[in-house]
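Comments concern the structure below.
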2 protein chains.
Amino acid sequence: MSTKQKTNLALLGLLSWKPMSGYDIKKLVDIGLSHFWNENYGQIYPTLNRLVEDGYAKKKVDSSSGKRKRNIYSITKKGEDKFRDWISLPSSPPSVRNELQLKFFLSGKLPVATSRKIIRAYRQQQKAVLDEYMDSEKILREAIANDAYPEEVRQIFEGQPEPLNRKKRAKQCGVFMLTLRHGILAIEGRLKWCDEVMEYLGR
Amino acid sequence: MSTKQKTNLALLGLLSWKPMSGYDIKKLVDIGLSHFWNENYGQIYPTLNRLVEDGYAKKKVDSSSGKRKRNIYSITKKGEDKFRDWISLPSSPPSVRNELQLKFFLSGKLPVATSRKIIRAYRQQQKAVLDEYMDSEKILREAIANDAYPEEVRQIFEGQPEPLNRKKRAKQCGVFMLTLRHGILAIEGRLKWCDEVMEYLGR
DNA sequence: TGACAATATATCAAAGTGATATATCATGTT
DNA sequence: AACATGATATATCACTTTGATATATTGTCA
């Protein structure tokens with residue numbers, strides 16, 4: 001029950017949203033999921049091939065006029081079954097690698113000034129990300145309030161500009177906003193921690 | 001500037017605390033750092049060998065009477081320099097893989113009941129870990145208040161029961177407690193998120 | 001026309017993971 | 001004394017993941 005070795009399920013789940021190319025998947029993960037998930041090309045392309053081999057997805061070459069050739073993958077019935085099975089299986093706890101936290105822990109034998117420097121760097125790094133997230137949150141909240149469908153979300157959920165009913169749009173915005181909230185709360189916790197540490201170490 | 005490929009530096013930093021065997025390192029990471037770092041044998045033993053090859057650490061075989069043979073690694077001057085250099089280098093943002101978060105995001109096309117189930121599982125999993133951490137925190141806080149040196153911390157920082165002055169002990173307990181606080185704040189953020197989501201989805 | 005960025009697929013060495021194999025020693029049980 | 005069990009300790013291996021780079025096409029702007 002490990003967080004690792006889940007790329008195939010992650011890709012399957014993403015394809016259950018909509019058919020996508022490997023490139024689309026990479027963009028979606030980088031833009032929308034980066035604070036709790038990550039994938040890279042070296043994994044995406046071979047995994048997509050394996051999903052097709054195993055019958056969980058199928059590939060369609062899209063060569064619409066004037067555009068570069070794209071391999072579009074869509075989930076099959078078998079893939080959807082597998083995806084749903086995984087959803088209800090027990091999940092492993094989050095796996096984290098936090099370099100600045102590690103540095104702080106290891107700085108215990110170095111001068112306190114060094115520990116303080118690490119915390120300041122941590123705070124600054126996290127604050128910058130928080131600002132980004134807060135901007136996105138504002139856009140999303142306003143969109144939901146106005147029953148709108150902001151470009152930022154449309155881009156992520158829609159490959160082709162295809163009409164979508166109001167209820168579905170609202171749900172997509174909701175999921176996306178809640179996901180963003182998770183990122184924001186995680187960062188707020190880290191900032192609070194930085195403050196606690198600075199308090200403890202003395203300024 | 002990536003969180004990955006940092007095992008050699010992590011091990012170097014741990015050896016700067018005290019000389020240790022690969023087994024000691026694994027235990028220390030599992031017990032004390034698991035909420036922000038992880039290492040495994042498959043990486044630890046080869047990396048220790050490489051550290052020795054490159055002159056960052058040296059190995060000493062400990063075969064004290066009646067005990068199983070242990071390979072004890074200690075950091076060299078060259079290793080300490082490398083460690084200190086890394087400490088002041090810029091650090092990459094935390095890298096996370098959170099399976100339950102991913103499942104929630106992907107559940108957007110499934111019935112809301114499924115999303116709720118995921119959140120409940122997430123909350124329960126995180127609450128259990130929080131309880132553990134809170135117990136440890138209590139022990140540590142009391143120890144610090146009483147100027148004591150609890151077995152839990154001694155075990156981690158001391159291989160050999162060697163006397164240590166009060167100031168150093170206090171600092172060790174402090175670093176350990178603050179590190180634990182990071183874990184606690186992270187989990188509290190996740191629990192708060194679960195509550196927000198349940199609120200949003202409706203119970 | 002050329003420079004540059006975005007789109008798109010692919011590959012690979014190096015690093016990390018999870019699991020298991022092997023062996024020694026301490027403890028307790030029958 | 002024989003045996004089981006669990007903690008200590010090192011090691012290995014197939015598989016997965018990472019980071020980086022190579023390659024080519026299309027869109028844009030000067």
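Throughout, protein chains are lettered first and strands after them, A, B, ... in sequence-line order, and every chain is numbered starting at 1. Values reported hereafter were calculated over all heavy atoms of this structure, with side chains retained and with hydrogens, waters and symmetry mates removed.
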Rounded to whole angstroms, how far apart are CG on Asp30(B) and P on dA19(C)? 13 Å
In whole angstroms, the gap separating P of dT16(D) from CG of Leu9(A) amounts to 12 Å
For nucleotides 2-13 of chain D, read 5' to 3', which letter fits each nucleotide if B means a protein heavy atom sits under 4.0 Å from the base, S means only the sugar-phosphate is that close, and - means neither? ------BBBBBB
What is the distance, rounded to the nearest whole Å, between atom CG of Leu102(A) and atom C1' of dG16(C)? 15 Å
First locate atom CG of Asn71(A), then atom OG of Ser63(A), and finally report the distance between them rounded to the nearest 0.5 Å. 10.0 Å
Would you please name every residue forming a side-chain hydrogen bond (donor to acceptor under 3.5 Å, both in side chains) with Lys77(B), sequence neighbours left out? Asp81(B)
Could you tabulate the donor-acceptor pairs under 3.5 Å formed by side-chain atoms of residues 38-48 of chain A, not counting sequence neighbours?
| from | atom 1 | to | atom 2 | distance (Å) |
| --- | --- | --- | --- | --- |
| Asn38(A) | ND2 | Val96(B) | O | 3.2 |
| Glu39(A) | OE1 | Thr7(A) | OG1 | 2.9 |
| Glu39(A) | OE1 | Arg97(B) | NH2 | 3.3 |
| Glu39(A) | OE2 | Thr7(A) | OG1 | 3.3 |
| Glu39(A) | OE2 | Trp37(A) | NE1 | 2.8 |
| Glu39(A) | OE2 | Arg97(B) | NH2 | 2.8 |
| Thr47(A) | OG1 | Gln43(A) | O | 2.6 |

When rounded to whole Å, the CD1 to C1' distance for the pair Ile44(A) and dT7(C) reads 14 Å
Whole Å only: how far is the CG atom of Asp62(A) from the P atom of dT26(D)? 13 Å
Just call it for Arg97(A): base, sugar-phosphate, or nothing, with non-hydrogen atoms closer than 4.0 Å on any strand. sugar-phosphate
Using residues 116-132 of chain B as the side-chain source, report each donor-acceptor pair under 3.5 Å to any protein atom, sequence neighbours left out, with the distance given to one decimal.
| from | atom 1 | to | atom 2 | distance (Å) |
| --- | --- | --- | --- | --- |
| Arg116(B) | NE | Gly202(B) | O | 2.5 |
| Arg116(B) | NH2 | Gly202(B) | O | 3.0 |
| Tyr122(B) | OH | His182(A) | NE2 | 2.8 |
| Tyr122(B) | OH | Asn98(B) | ND2 | 2.8 |
| Arg123(B) | NE | Asp195(B) | OD1 | 2.9 |
| Arg123(B) | NH2 | Asp195(B) | OD1 | 3.3 |
| Arg123(B) | NH2 | Asp195(B) | OD2 | 3.2 |
| Gln125(B) | NE2 | Ser91(A) | O | 3.0 |
| Gln126(B) | OE1 | Arg190(B) | NH1 | 2.9 |
| Lys127(B) | NZ | Asp131(B) | OD1 | 2.8 |
| Lys127(B) | NZ | Asp131(B) | OD2 | 3.4 |

Can you tell me how far P of dA8(C) sits from CD of Glu39(A), to the nearest Å? 19 Å
OP1 or OP2 of dG16(C) less than 4.0 angstrom from a side-chain nitrogen or oxygen of Asn40(B), does that happen here? no
Please state how far atom CG in Asn38(A) lies from atom P in dT17(D), giving the value in whole angstrom units. 10 Å
Starting at NZ of Lys6(B) and ending at P of dT17(C), how long is that distance when rounded to a whole Å? 14 Å
When we call it a touch if two heavy atoms are under 4.0 Å apart, what does Thr47(B) touch: a base, just sugar-phosphate, or nothing? nothing
If only side-chain N and O atoms count, and only distance matters, is there a donor-acceptor pair under 3.5 Å linking Thr114(A) with Ser107(A)? no
Set of ring pair (Phe, Tyr, Trp, His ring centres under 6.0 Å) partners for Tyr23(B), sequence neighbours left out: none
Just jot down the side-chain contact (heavy atoms from CB on, under 4.5 Å) partners of Ser34(A), sequence neighbours excluded, or say none. Tyr133(A)
